[in-house]
Amino acid sequence: MSSFVVFFILSLFSLFPLSLSQPKGILIDCGATTDTVIEGRRWRSDANFVSGGTPKALEVTVLDPTLSTVRSFPNDLNRKFCYTVRVYRGARYMVRTTYFYGGINGRDSPPVFDQMVDGTLWSVVNTTSDYANGMSSYYEGVFLAQGSTMSVCIGASSYTDSDPFISALEFVIFDDSLYNSTDFKNFGLHLVERTSFGYAGSVIRYPDDKFDRFWEPLGKENHTLATSRNISVSGFWNVPPLKIFETGLTTGQTEPLELNWPLVSLPDAKYYIALYFADTINSSSANSRVFNISINGVTYYRDLNVTPAGVVVFATQWPLSGFTRITLTPSHNSNSGPLINGGEIFEVLPLGGRTLTRDVIALVQFKDSLENPPLDWNGDPCLPRQYSWTGITCSEGPRIRVLTLNLTGMSLSGTLSPGIANMTALNSILLGNNRLSGTIPDLSSLKRLERLHLEDNQFSGEIPSSLGDIASLRELFLQNNNLTGDIPSSLKGKTGLDLRTSNVASGYEKDYYVKFLPITQYAVKHRLTHINNSEIRTICFPEFFSYQR
């Protein structure tokens, strides 16, 4: 195989015992108005985790109480709506989203939309098939908390013309050992299937699985391995539950075992594959279970010797596409047929990156200073790129910075946070035609700022002289505010600056549209228009600057 494929084989014997303590994390009942306790576990109302959307109650009867409500979001193309949860930085989380449509949009089929974690596009949510069969749908991933918060976002797309929604959201902390061969700083894991082979009962989950992972049954194919007390599996890095080793699939001594697994066609990608085995008998010279494993005809592992202690074989990045066939072929020295008890397969997701932390902090400060910020200002500001925040444009490359802030004409109220000055990659701040008030902060640290448009607001106080220290500034629009005082000298003589201001003094309205020319072409015109228009006087000062209405 290619060099990026890594194989591991590890014993399952007595590394640590399973615990019956409840999974640690946060369970969110989306659309619920109050907290509830279900089977001893607390489910929280989602009101404190999300700022957009509308809670709705389903009119159909459901068995699971968490499916009786949803939060529905506007179908605004390329806008995301995020749940933001406080997490432990550096911890590994299982994130699970659950969806049950219930006809909330008044249509026969559910919407199709995107979901994402922080800045990574996680998957497309398509629950159409499950809903047609009266079932809910869930999606599970494993992600590293790279900050003090983690966001799961719902993104409206053009797949269908219907409002996206969510029924439940779970964050469960994993032990550091789980799936620890994955570089979670650069990759996440998206669950494709997790299966208990030879098992025909209900889904195996908590308390059998201490992390409440779901192990779906794959009933009798070929022969089923019955429960045996001789199996001594007691834990492993991935901590599979003991219950999956009570059954398995096996064949006769000389027959290969073939599985079409997973049951879905896979997109062309890299996959984490873990296969679990445990025998009912101790191997000896007279009794052994040894076999080879291949996937789509390519050798996965040779001469695997299975004992009651248990063993797992896994690869961190294995290329797959389409439907998959796993073949277990007895080795020449094996006295027993092959068997398999369980398996997990995840798509390996390259992470989308993160907006630079200082820019995120500055934007959050600005958001907090607004009385009515844009509803989609949650999650990562720049990523995924098709779902960047309203009014935000960002840089390319590995270091993601915010370049433009354009919220012109959005009826915003509040103030302009001084924290904006920390977004040092900004080249444009365009906030005209809003209802912003307060003073203009010191923005002299924005050395790349070319355009500052604050016109048609309610800013007060004096124009900061520090604006003249921004060498790159080319447009400064301040007209139609409540500014007082004179234009700072640092701005009056600034070459190449398009400056627009206005204020009221001595019963006259004084309007300035100032465009500074090279110093050799300076001329000045200053027109004063009486408020009642009974008199128009023009006074020219050609030695300074030119005026244009």
Side-chain angles (χ1 to χ4, degrees), residues 403-409 415-531 533 535-549:
L403 301 180
T404 299
L405 180 61
N406 184 357
L407 298 173
T408 303
T415 61
L416 181 56
S417 166
I420 289 292
N422 294 322
M423 301 170 62
T424 53
L426 276 175
N427 59 51
S428 297
I429 300 177
L430 309 176
L431 301 176
N433 192 23
N434 285 293
R435 297 191 297 271
L436 300 174
S437 58
T439 59
I440 300 173
D442 182 358
L443 303 176
S444 58
S445 60
L446 303 181
K447 302 303 182 184
R448 301 179 182 180
L449 189 65
E450 298 177 3
R451 297 189 296 165
L452 177 59
H453 289 199
L454 303 179
E455 73 278 9
D456 301 315
N457 278 285
Q458 300 168 16
F459 288 106
S460 58
E462 297 185 349
I463 301 173
S465 61
S466 58
L467 292 175
D469 298 331
I470 306 175
S472 59
L473 194 60
R474 295 292 176 264
E475 296 179 4
L476 178 57
F477 293 0
L478 302 175
Q479 69 269 28
N480 298 325
N481 279 285
N482 299 319
L483 299 170
T484 58
D486 296 329
I487 299 175
S489 58
S490 60
L491 293 172
K492 285 183 179 179
K494 191 171 178 60
T495 303
L497 176 65
D498 183 352
L499 172 63
R500 307 185 189 188
T501 69
S502 69
N503 59 17
V504 176
S506 304
Y508 289 92
E509 182 186 67
K510 302 195 299 181
D511 294 335
Y512 300 89
Y513 172 20
V514 186
K515 183 172 184 180
F516 288 99
L517 305 173
I519 193 166
T520 57
Q521 303 178 34
Y522 275 175
V524 174
K525 292 182 181 178
H526 184 186
R527 185 180 68 183
L528 301 181
T529 306
H530 198 275
I531 291 177
N533 291 319
E535 180 181 7
I536 298 177
R537 293 181 298 171
T538 301
I539 305 173
C540 298
F541 299 91
E543 64 270 28
F544 289 106
F545 58 86
S546 66
Y547 171 84
Q548 178 182 347
R549 181 67 172 174

Scan residues 419-473 for pairs that pass ring pair (Phe, Tyr, Trp, His ring centres under 6.0 Å), counting only residues two or more places apart or in two chains. H453-F477

Give the intermediate values and the outcome of side-chain contact (heavy atoms from CB on, under 4.5 Å) for residues I420 and I429. CA-CA 9 Å; I420 289 292; I429 300 177; 3.7 Å; yes

Decide yes or no for L436 and L454: does some side-chain heavy atom of the first lie under 4.5 Å from some side-chain heavy atom of the second? no

Min side-chain heavy-atom separation N480-S502 under 4.5 Å: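 SC-SC contact between N480 and S502 confirmed.
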
Distance (rounded to the nearest 0.5 Å) between [X] [atom1] and [Y] [atom2]:
X: L478; Y: L483; atom1: CG; atom2: CG; answer: 6.0 Å
X: L407; Y: N433; atom1: CG; atom2: CG; answer: 12.0 Å
X: L431; Y: L452; atom1: CG; atom2: CG; answer: 7.5 Å
X: R451; Y: N406; atom1: CZ; atom2: CG; answer: 7.5 Å
X: E462; Y: D486; atom1: CD; atom2: CG; answer: 8.0 Å
X: L426; Y: L403; atom1: CG; atom2: CG; answer: 7.5 Å

Test log, rule side-chain contact (heavy atoms from CB on, under 4.5 Å), inputs R474 and L497: CA-CA 5 Å; R474 295 292 176 264; L497 176 65; 5.6 Å; no

Work out which heavy atom in [X] is nearest to a heavy atom in [Y]; give both atom names and the distance.
X: S472; Y: K447; value: OG-O, 2.9 Å
X: S466; Y: S444; value: O-CB, 3.7 Å
X: L491; Y: L476; value: CD1-CD2, 3.7 Å
X: N457; Y: G432; value: ND2-CA, 3.9 Å
X: R448; Y: T424; value: CD-O, 4.0 Å
X: E455; Y: N481; value: CA-ND2, 3.9 Å

Is there a donor-acceptor pair closer than 3.5 Å between any side-chain N or O of [X] and the backbone N or O of [Y]?
X: S465; Y: P488; result: no
X: D498; Y: R500; result: no
X: D469; Y: L467; result: no

Going by the rule side-chain contact (heavy atoms from CB on, under 4.5 Å), which residues pair with Q458 if we only count those two or more places apart in sequence or in a different chain?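 By the side-chain contact (heavy atoms from CB on, under 4.5 Å) rule, Q458 matches R435, S437, N482.
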
Sequence neighbours left out, what passes side-chain contact (heavy atoms from CB on, under 4.5 Å) with P441? Give chain and number order. L416, P418, L443

